[in-house]
Colleague: 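Below you will find the structure I want to go over with you.
Being a predicted model, the structure only gives us computed values, none of them experimental.
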Amino acid sequence: MTVAEINSTDNLIKNNGERKIHTLLFDLDNTLYPKSCGLAAQVSNRITQYMSIILNLPMEEVDKVRNHYYKTYGLTLKGLMMNHEVNIDKYLDYVHGGLDLKSHLKPDARLHACLKSVKSGIKKVIFSNADIGHCKRVTRELEIDDCFDAWLDYLEMMDFSKPHPVAYQMAMKKADTTDASGCVFFDDVVENLVEAKKAGMYTVLVGGTSNDPHVDYCIDEIHEFVNIFPELIDQSKTTTTPDTTTTN
């Protein structure tokens, strides 16, 4: 049985009928597929390899630099750009372009069905700090690339990538809306959800749990969104019964 936990205390479930949701914003990595598949570890290894080459450091010493850049700049890539004038395209081509996706990702017919069951008129947007090439390759591997209306990636956000507040305004612009209260954002990183909640969105943590008040829902896997937002589903588009969802 899958479980969806609700953290907020503002009667979100009781007020289902009052929610006027028009936009679903989806992070990509570790959100549309589980971290347990091992792809994130492969990405991390390739970042380490790239930095070892560029910085001429033993691989065992790279983590200190990576952690410093991540904490200082929010993204390892930005730290490399600021301190070593690393070329974005070369970095992304090495880190993401060289990934063996087939070893970690398989077509997800269930997720495809869930996404396609969403009522027409509700927009679905990929909102990722990865580059568009990686987003396209991953969604093609999962066979869900035909499920989205728009894409917002790192190359478009650049200095305003998540969790920068501007990123969430850019995401809404992609969906052609200024109404944050009608947006739901799915991500595996709590810090990214905090800023989404501050912007006025519903927030869903995927693949983890958190007591942070900025997180409205915690779900084990992305497929469970059909259970916490049943009003978004066109029952004529689905022939299966969603997994039972329990709440706190």
Side-chain angles (χ1 to χ4, degrees), residues 2 4 6 8 10-28 31-33 107-128 130 132 135-136 138-140 142-153 156-157 162 165-188 192-193 195-206 214-219 221-245 247:
T2 56
I6 299 176
S8 61
D10 56 355
N11 297 317
L12 288 172
I13 286 295
K14 293 180 182 179
N15 292 331
N16 272 353
E18 299 177 13
R19 299 190 298 200
K20 303 296 182 182
I21 295 169
H22 48 68
T23 302
L24 303 179
L25 303 171
F26 296 92
D27 174 49
L28 180 83
T31 296
L32 294 184
Y33 62 82
D108 192 338
R110 181 182 166 209
L111 179 54
H112 187 273
C114 289
L115 292 168
K116 285 295 187 179
S117 71
V118 174
K119 292 177 180 177
S120 59
I122 297 175
K123 293 188 177 180
K124 300 183 289 291
V125 179
I126 292 290
F127 178 23
S128 171
I132 189 65
C135 293
K136 294 282 189 177
V138 167
T139 53
R140 278 198 300 267
L142 294 171
E143 293 187 359
I144 57 171
D145 50 310
D146 63 333
C147 296
F148 302 98
D149 302 294
W151 311 68
L152 180 60
D153 77 316
E156 192 165 349
M157 291 183 284
K162 297 178 294 183
V166 172
Y168 304 89
Q169 301 305 313
M170 294 177 71
M172 287 193 290
K173 186 175 181 179
K174 277 288 181 180
D176 194 26
T177 183
T178 58
D179 175 28
S181 67
C183 298
V184 182
F185 179 45
F186 303 86
D187 203 305
D188 65 299
N192 293 339
L193 295 172
E195 291 302 323
K197 191 63 182 177
K198 289 179 181 179
M201 300 177 182
Y202 288 99
T203 56
V204 183
L205 180 65
V206 182
H214 296 89
V215 177
D216 294 320
Y217 302 89
C218 298
I219 57 178
E221 55 183 4
I222 190 61
H223 313 75
E224 294 178 49
F225 80 85
V226 300
N227 298 318
I228 53 178
F229 298 103
E231 72 272 25
L232 305 185
I233 306 304
D234 184 343
Q235 294 302 324
S236 69
K237 295 181 180 180
T238 179
T239 58
T240 59
T241 302
D243 293 330
T244 301
T245 301
T247 66

Colleague: Would the number of heavy atoms belonging to other residues, nucleotides or ligands and lying under 6.0 Å from CG of D176 be above 12?
Modeller: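 Atom CG in D176 is not crowded, with 12 or fewer foreign heavy atoms closer than 6.0 Å.
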
Colleague: Are side-chain heavy atoms of H223 and D108 found at a separation under 4.5 Å?
Modeller: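 When only atoms from C-beta onward are counted, D108 and H223 do touch, with a gap below 4.5 Å.
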
Colleague: Could you measure the distance from the SG atom of C114 to the CG atom of N227? Nearest 0.5 Å is fine.
Modeller: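 Reported to 0.5 Å precision, the distance equals 8.0 Å.
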
Colleague: Is it true that a side-chain atom of T31 and a backbone atom of D188 form a donor plus acceptor pair closer than 3.5 Å?
Modeller: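 Checked: pair present.
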
Colleague: Please round to the nearest 0.5 Å and tell me the distance separating atom SG of C147 and atom CG of L24.
Modeller: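 Answer for the SG-CG pair, C147 versus L24, is 11.5 Å.
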
Colleague: Would you say the side-chain atoms of H22 pair up with the backbone N or O of T177, donor to acceptor, closer than 3.5 Å?
Modeller: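 Not a single qualifying donor-acceptor pair exists.
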
Colleague: Say you draw a straight line from CE of M172 to CZ of F185; how long is it, rounded to the nearest 0.5 Å?
Modeller: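 Separation between the atoms: 12.0 Å.
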
Colleague: Could you give the distance from CZ (R19) to CD (E231), rounded to the nearest 0.5 Å?
Modeller: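 Taking CZ in R19 and CD in E231, the distance rounds to 4.0 Å.
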
Colleague: Pick one: which of V118, L25, T23, I144 meets side chain to side chain contact (heavy atoms under 4.5 Å, CB included) with K124?
Modeller: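 Running side chain to side chain contact (heavy atoms under 4.5 Å, CB included) over V118, L25, T23, I144 with K124 returns exactly one hit, V118.
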
Colleague: To the nearest 0.5 angstrom, please state how far the CD atom of E143 sits from the CG atom of L111.
Modeller: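 These two atoms lie 11.5 Å from each other.
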
Colleague: Between L115 and F148, which heavy-atom pair has the shortest distance, and what is it?
Modeller: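 Heavy atoms only, the tightest pair is CD1-CZ, 3.8 Å.
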
Colleague: Sequence neighbours left out, what passes salt bridge (charged side-chain N to carboxylate O under 4.0 Å, His left out) with K198? Give chain and number order.
Modeller: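 Checked K198 against salt bridge (charged side-chain N to carboxylate O under 4.0 Å, His left out); matches are E195.
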
Colleague: Quick one: do K116 and D146 make a salt bridge, cutoff under 4.0 Å?
Modeller: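 A salt bridge is present here (some side-chain N lies under 4.0 Å from a carboxylate O).
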
Colleague: By salt bridge (charged side-chain N to carboxylate O under 4.0 Å, His left out), which residues pair with K123, not counting sequence neighbours?
Modeller: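 K123 satisfies salt bridge (charged side-chain N to carboxylate O under 4.0 Å, His left out) with no other residue.
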
Colleague: In Å and rounded to the nearest 0.5 Å, what is the CG to CZ distance from D153 to F127?
Modeller: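 CZ of F127 is found 11.0 Å from CG of D153.
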
Colleague: May I ask you to decide whether D187 forms a salt bridge with K162, counting only side-chain N to carboxylate O separations under 4.0 Å?
Modeller: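 A salt bridge is present here (some side-chain N lies under 4.0 Å from a carboxylate O).
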
Colleague: Which heavy atom of L32 sits nearest a heavy atom of L142, and at what distance?
Modeller: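 Distance-wise, the nearest heavy atoms are O-CD1, 3.9 Å.
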
Colleague: Between R140 and D145, is any pair of side-chain heavy atoms under 4.5 Å apart?
Modeller: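 With C-beta onward as the side chain, the pair touches.
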
Colleague: State, with a plain yes or no, whether a side-chain heavy atom of V184 is found less than 4.5 Å away from one of F225.
Modeller: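 Sidechains of F225 and V184: no contact.
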
Colleague: Answer yes or no: is there a side-chain heavy-atom contact under 4.5 Å between K174 and M170?
Modeller: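 Contact flag for K174/M170 side chains = no.
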
Colleague: So, D216 side chain and T203 main chain: donor-acceptor pair closer than 3.5 Å or not?
Modeller: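 Looks like yes, one N/O pair under 3.5 Å.
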
Colleague: Is there a donor-acceptor contact under 3.5 Å from the side chain of Y168 to the main chain of N192?
Modeller: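 Side chain of Y168 to backbone of N192: a pair is present.
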
Colleague: Do you know which two heavy atoms are closest between A199 and Q169, and how far apart they sit?
Modeller: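 Closest pair (atom of A199, atom of Q169, distance): CB-NE2, 4.4 Å.
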
Colleague: Begin from the C-alpha positions of W151 and E156 and carry the test side-chain contact (heavy atoms from CB on, under 4.5 Å) through to its verdict.
Modeller: CA-CA 10 Å; W151 311 68; E156 192 165 349; over 6 Å; no

Colleague: For D234 versus S236, what's the shortest heavy-atom pair and its separation?
Modeller: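 Closest approach of D234 to S236, heavy atoms only: OD1-OG, 2.6 Å.
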
Colleague: Locate the shortest heavy-atom distance separating K237 from S117; write the atom from each residue and the value.
Modeller: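 Smallest interatomic distance, heavy atoms only, reads CB-CA, 3.9 Å.
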
Colleague: Working note: I222 + F26, criterion side-chain contact (heavy atoms from CB on, under 4.5 Å); need CA distance, chi angles, decisive distance, verdict.
Modeller: CA-CA 9 Å; I222 190 61; F26 296 92; 3.9 Å; yes

Colleague: Please find the pair of heavy atoms, one from Y202 and one from K197, that lie closest to each other, and give the distance.
Modeller: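 Residues Y202 and K197, closest heavy atoms: CA-NZ, 4.5 Å.
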
